[in-house]
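All values below were derived from every heavy atom in this structure, side-chain atoms included, with hydrogens, water molecules and symmetry-related copies excluded. Residue numbers start at 1 and run along the sequence shown.
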Amino acid sequence: MTRIFRPTHVAAAVAFFASTLAQAQQTPPAAADAPKADAPAVEQIIVTSQGRREALASVPVAVKAFSAKQIEDEGIKSTQDFINLTPNMSFDNSFTYGNSFVVIRGVSEINNADSPVAVVVDGVPQSDQKQLKMNLVDVARIEVLKGPQGSLYGRNAIGGAIIIDTKRPGNELHGFGNLSVGSGNTREISGGVSGAMVPDKVLFRVVGQTKKSDGLLTNTYLNKKADYIDHDNLLRGRVTVNASEDVTLDFRASSQDYKAGAVWDNLIRDGNLDAHYAPTSSLLGQTQGNTDELTFKADVETRLGTLTAITNDTHLREKYVGDGDFSNPADPLGGVAGSLSRGQGKDRRIHMTSQEVRLTSPSNKPLRWIAGLYYLEKKMNLEEKSFADVNGSVDQYGSAAVTRNNIFTNRASAVFGQIEYDLSRQTKLAGGLRHDQDARVRSDALKGVSVTKTFDAWQPKVTLTHHVDANAIAYATYSTGFRSGGFNTTAADSPIFKSENLRNYEIGYKSSFLDNRLTVNTALFHADDSNFQYFFVRVLPGNILSGRIGNIDKVTLNGLDLDLRFAPAKGLEFDGGVGYTDAKIRQNLAEPGTVGNRAPRSMPWKVNLGGQYTMPIAAGLNGFLRVDVEQRSKQYWLPDNTLVSKSFGLLGARVGLRDAADHWYANLFGRNLTNQHYYADVTEKSYGGWTVPIAAIGSQAPGRVVGIELGVKL
């Protein structure tokens, strides 16, 4: 019998935290004015999300940041891992190995369109939805900015931004290796080396990773794992050239290649999301993909400030083949295509070239500014096929007729700037402005017709920050976000979806207490979202599945972000947060009956609480224990709110041994230890358009995962 992880478990953890905090407040350190060097304290994290190196506590933005130490302690190895630890944010992988849905403060991911968050890796915007799901190896820092960040990060930052910086090369020769083995016969090996080719002048860093898995979700008709990973290989290299005291050149290259499962959805005939059905399709899906990326970055110190130029060239491909009716010939009721047995597939080939140039003034002046230009060219060839499944093989895709073949081109340009001015020693005023223009073309290669449309928007931002005292700031922000509109894949049914625009009003407070043993960051926000974009699946004549993007006229978002860290004693740390977003439909001319409902994919609240303890157990040897609790509320999948997933909790733990000198470690780990069954994606009949008596289709998330990892640092 599956164990249910109940909210009472969270309540007990919160009670324990509260009692520990009360005890700490009653017994302050003996020398509060001059704390001891080895006294417990929360790690001070430096972030760069506002274009400068700043202490996290001084940045007037709701930011969830993870340092290199936290990334290791919390076992963060993927996008899924750090988003699970971030309140007011969710991430789900479904349908294909590279596909994902992220929701941040109620604004959601959609297929074949722009993400609601700007994703920037080592200064380079990741401009395709398939780049959000990534394996994280050799990462120095992760920053999650909540709320619109359009003035600096552009059209994809309507809900926020994710900034990821990998570790830089240095003079000293270093190396590392990691081996992980877990449930589903999952094996992951990573390693790297860094050093100097010419000391102080030419530095290098090379990192590699490979991953395999038999899978965790069983297709009971074929008796095979549907979410297997045949291989996922990554190689990344970086060379930094310190050409002079004023010029630094950075050359980066990466290549990823993978082959894995796809289309592991199952039929939910009665619409009961509390019951959990295994995939029963007759065609075992497959995703193949690769991403090759080249980047050049130059930093030049000038009299005016730092001139930065970033050039990027990316080739990305994802091809998937899978079942088109999510059923099998032995099922008398059939799937979404009735008694027919169908297959489906898409081949996405993308080439992106981007250029950014910005000038950043010195940080030690009362007036500070950033000004820049950005340009992107993106071309996507999207071939789609729907075919009769006669033998259950993915090879059928090659001989099947092309159903649709569209070429999407996108030329995006932007000019942006931000100014900060110290009104006094305690108060500063900041203003930012960006104009994005997005010229899009969809060309139907089968019909020989094209449609064009240009979307654009101004994105202003104003922030007033006041240093209440040496340990606290308060701020108020007005910010805006813009997500470009675009084209659906067929001209007949809703060919164009509109741009989404968001206006956000926010107040926040950040402070530290108890000699920096406790930090508390909180923000309240209200946002008005116009032409809210959402994704659903439609079955067209001929039993052809087609993804659709629609708009809801007006959605309001009201909420709270609370983030805290507490170090009550040496070696003992707590961290956690609460995210609440009330995302309500206020106007929907296409479906008036949905007014007052929750917005699609919204999850009103999420609570995170983690605790870890490091203790010496022998000479040069430390023990380590960490426990993480994530409690999610109900999730509302589509505008009619007919199908709703129940609230549930996830429990994770890590226990291990570490060399006190940080040369090696060995950990046992577990995720979803109570083996919760829940859906990562749901599509219902009223939006799918199928005529058979099937209420919905859904994609299950993985269950319990346990394993062991070994690491060495040289």
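Distance check: Ser108 OG to Phe532 CZ gives 4.0 Å after rounding to the nearest 0.5 Å. Distance CG/Asp563 to CG/Asp561: 8.5 Å, rounded to 0.5 Å. In this structure, CG on Asn488 lies 9.0 Å from CZ on Phe535, to the nearest 0.5 angstrom. Asp529 contributes atom CG, which lies 11.0 Å from atom CD1 of Ile585 (distance to the nearest 0.5 angstrom). Note that CD of Gln344 is 8.0 Å distant from CZ of Phe387, once rounded to the nearest 0.5 Å. Atom-to-atom distance recorded for Phe91:CZ and Phe101:CZ is 10.5 Å, nearest 0.5 angstrom.
Scanning both residues, Leu267 and Gly335, for their nearest heavy atoms gives CD1-CA, 4.0 Å. Lys453 approaches Phe487 most closely through the heavy-atom pair N-CZ, 3.7 Å. Nearest approach of Val402 to Asn405, heavy atoms of both residues: CG1-CB, 3.9 Å. Of all heavy-atom pairs between Phe326 and Thr280, the closest is O-OG1, 4.0 Å. Considering every non-hydrogen atom in both Lys554 and Ser530, the closest pair reads NZ-OG, 4.2 Å. Contact detail for Pro148 and Thr480: the closest heavy-atom pair is CB-O, 3.3 Å.
Thr79 places a side-chain N or O within donor-acceptor distance of the main-chain N or O of Met134, the cut-off being under 3.5 Å. Of the possible donor and acceptor atoms, one in the side chain of Asn675 sits under 3.5 Å from a partner among the backbone N and O of Arg704. When atom types are taken as modelled, the side chain of Thr556 and the backbone of Asp528 share no donor-acceptor pair closer than 3.5 angstrom. Gln676 places no side-chain N or O within donor-acceptor distance of the main-chain N or O of Asn672, the cut-off being under 3.5 Å. Side-chain atoms of Asp232 never come within 3.5 Å of backbone atoms of Lys211 as a donor-acceptor pair (strictly under, hydrogens ignored). Side-chain atoms of Lys385 come within 3.5 Å of backbone N or O of Ala400 as a donor-acceptor pair.
A side-chain N or O of Arg342 and one of Ser386 form a donor-acceptor pair less than 3.5 Å apart. Side-chain contact, Ser90 with Arg632: no donor N or O sits under 3.5 Å from an acceptor N or O. Residues Lys130 and Asn99 have side chains that bring a donor and an acceptor to within less than 3.5 angstrom of each other. In this structure, a donor-acceptor pair under 3.5 Å is absent between the side chains of Arg155 and Ser484. Side-chain N/O atoms of Thr581 and Asn88 include a donor and acceptor closer than 3.5 Å.
A salt bridge links Arg317 to Asp347: one of the charged nitrogens lies within less than 4.0 Å of a carboxylate oxygen. Electrostatic pairing of Arg654 and Asp81 does not count as a salt bridge here, judged by no charged N lying under 4.0 Å from a carboxylate O. A salt bridge between Glu506 and Arg105 is present, with a side-chain N of the basic residue lying under 4.0 Å from a carboxylate O of the acidic one.
Looking at Leu673 and Val706, their side chains come closer than 4.5 Å, going by heavy atoms from C-beta outward. With a 4.5 Å cut-off on side-chain heavy atoms, Val117 and Tyr153 do not count as touching. Contact of the Ser115 side chain with the Gln129 side chain is not registered, since no non-hydrogen atoms from C-beta on lie closer than 4.5 Å. Within the 4.5 Å cutoff, the side chain of Ile104 has heavy atoms near those of the Lys146 side chain. The side-chain heavy atoms of Leu557 and Val107, taken from C-beta on, include a pair separated by under 4.5 Å. Side chains of Val119 and Gln131 form no contact here, defined as non-hydrogen atoms less than 4.5 Å apart. Taking the side chain as every heavy atom from C-beta outward, Trp605 and Leu560 never approach each other to under 4.5 Å. With a 4.5 Å cut-off on side-chain heavy atoms, Tyr636 and Asn597 do not count as touching.
When each of Thr218, Asn219, Asn185, Asp214 is paired with Lys225, the side-chain hydrogen bond (donor to acceptor under 3.5 Å, both in side chains) condition holds for Thr218 and for no other. The only member of Ile76, Ile163, Thr86 that meets side chain to side chain contact (heavy atoms under 4.5 Å, CB included) when paired with Ile142 is Ile76.
For Tyr97, the ring-ring contact (aromatic ring centres under 6.0 Å, His included) partners two or more places apart in sequence, or in a different chain, are Tyr258. For Gln700, the side chain to side chain contact (heavy atoms under 4.5 Å, CB included) partners are Leu217, Asn266, His276, His677, Tyr679, not counting sequence neighbours. In this structure, the ring-ring contact (aromatic ring centres under 6.0 Å, His included) partners of Tyr678, at least two apart in sequence or on a different chain, are Phe648. For Gln149, the side chain to side chain donor-acceptor pair (under 3.5 Å) test picks out Lys461, with sequence neighbours left out. Thr642 pairs by the side chain to side chain donor-acceptor pair (under 3.5 Å) definition with Asp640, not counting sequence neighbours. With sequence neighbours left out, the ring-ring contact (aromatic ring centres under 6.0 Å, His included) criterion links Tyr534 to Phe536. In this view, Asp628 and Leu85, Arg626 satisfy the side chain to side chain contact (heavy atoms under 4.5 Å, CB included) rule, not counting sequence neighbours. Applying the ring-ring contact (aromatic ring centres under 6.0 Å, His included) test to Tyr580 and every residue at least two apart in sequence or in another chain returns nothing. Applying the side chain to side chain donor-acceptor pair (under 3.5 Å) test to Asp128 and every residue at least two apart in sequence or in another chain returns Arg348, Lys378. Applying the side chain to side chain donor-acceptor pair (under 3.5 Å) criterion to Ser499, with sequence neighbours excluded, gives no partner residue.
Aromatic pair Phe95/Tyr320: ring centres closer than 6.0 Å.
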- Message: Using the rule given for side chain to side chain contact (heavy atoms under 4.5 Å, CB included), can you reason through Asp323 versus Ser282, listing the C-alpha separation, both sets of side-chain angles and the distance that settles it, and then say yes or no?
- Response: CA-CA 7 Å; Asp323 204 285; Ser282 55; 3.4 Å; yes
- Message: Before you tell me yes or no, could you show the steps for Val102 and Ile162 under side chain to side chain contact (heavy atoms under 4.5 Å, CB included), namely the whole-Å CA-CA distance, both residues' side-chain angles and the distance that decides it to 0.1 Å?
- Response: CA-CA 11 Å; Val102 64; Ile162 297 173; 5.6 Å; no
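For residues 267-286, the set of pairs meeting the salt bridge (charged side-chain N to carboxylate O under 4.0 Å, His left out) definition, not counting sequence neighbours, comprises Arg269-Asp331. Residue pairs meeting the salt bridge (charged side-chain N to carboxylate O under 4.0 Å, His left out) criterion with at least one partner in residues 594-610, sequence neighbours excluded, are Asp582-Arg598, Arg601-Asp681, Lys606-Glu630.
By the neighbour-count criterion of 12 heavy atoms within 6.0 Å, atom CG of Asn223 is sparsely surrounded, having that number or fewer from other residues, nucleotides or ligands.
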